[in-house]
Structure formats: C-alpha cells, structure tokens
Amino acid sequence: MDVIHSVAIIAVVSACTILIRAVPFLLFGGNRQVPETIHYLGKFLPEAIMATLVIYCLRNIEIMEGTHGFPELISVALVAILHLWKKNILISVGLGTICYMVLIQMIFT
C-alpha cells in the first residue's frame, strides 16, 4: 500500500464521517419538527444496543468448562451495580473491564 492509497482511504473515511455527523443537523436543524419515530428510536435504541452488545460479548461462554463463566458473571454484575450506583458509563465499563482482566489473569488462571 503506497502513500497515495493511504491518504485516499483516510480522505474517504474522513468525508464519510463528516457527512454522517452532519446529516442529523441538515435534516432536523433549526426549528424543524423532529418526527415521533426519531424520538421513539432515541428513547429505546440505546438500551437495545447495550443489550445486543452484552449478548454478543457473552455468546461464547462455556458454562460446563474452564472457569464456568464466573469471571464474566462477576464482571457483568460489577458493571451493573456500578452503573446503577454511579450512573457513569466510563466508571462502570472501565472498572468492569479491569475486574474482568484481573479475574482472568490472576485468579481464574
């Protein structure tokens, strides 16, 4: 891959990113009325996406083998507790990830 190819890829990705981020402002900017469908999606999609990500992350756990899913269960419980307590995604996901890595690397080896 030469430099021109790399620059072209970065330029296309940058243009697409700017376009994607500008579309909501172009469609709903100013005093335009936001459709009810968009309000509905904005209300329910974040939880649906988070549930999908949790299921995706836990899809390969072998309950009957190895650690029996205890590191994952403990870490998910910690993330849920921290999020309910602090309501800060960075704290809950960050500490949950650290907990999982400590459990995998030091305790459930």
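Rounded to the nearest 0.5 Å, atoms CD1 (Ile61) and CG (Leu73) are 8.0 Å apart.
Leu53 CG: more than 12 foreign heavy atoms inside a 6.0 Å radius.
In the hydrophobic clustering, where aliphatic and aromatic side chains (Ile, Leu, Val, Met, Phe, Trp, Tyr) are joined below 4.5 Å either directly or transitively, Ile20 stands alone. Taking a 4.5 Å side-chain heavy-atom cut-off between Ile, Leu, Val, Met, Phe, Trp and Tyr, the cluster of Ile55 contains only that residue. Here Phe108 is tied into one hydrophobic group with Phe70, Ile74, Leu78, Leu82, Trp85, Ile91, Leu95, Ile98, Val102, Leu103, Met106, Ile107, each link being a pair of ILVMFWY side chains closer than 4.5 Å. Think of Val93 as one node in a network of Ile, Leu, Val, Met, Phe, Trp and Tyr side chains linked at under 4.5 Å; its network also takes in Ile89.
For Ile9, the side chain to side chain contact (heavy atoms under 4.5 Å, CB included) partners are Met1, His5, Val13, not counting sequence neighbours. Remark: Pro24 pairs with no residue by the side chain to side chain contact (heavy atoms under 4.5 Å, CB included) rule, at least two apart or across chains. Residues meeting the ring pair (Phe, Tyr, Trp, His ring centres under 6.0 Å) test with Phe44, sequence neighbours left out: Tyr40.
Within the structure, side-chain hydrogen bond (donor to acceptor under 3.5 Å, both in side chains) contacts touching residues 86-108 (residues at least two apart or in different chains) are Glu72-Tyr100. Among residues at least two apart or in separate chains, there is no side-chain hydrogen bond (donor to acceptor under 3.5 Å, both in side chains) pair with a member in residues 44-53. The side-chain hydrogen bond (donor to acceptor under 3.5 Å, both in side chains) analysis of residues 23-37, with sequence neighbours excluded, yields no pairs. Residue pairs meeting the side-chain hydrogen bond (donor to acceptor under 3.5 Å, both in side chains) criterion with at least one partner in residues 9-25, sequence neighbours excluded, are absent.
Residues Phe25 and Val34 fall into different hydrophobic clusters, defined by Ile, Leu, Val, Met, Phe, Trp and Tyr side chains chained together at heavy-atom separations under 4.5 Å.
The two residues Val79 and Gly96 come nearest to each other via the heavy atoms CG2-CA, 3.5 Å.
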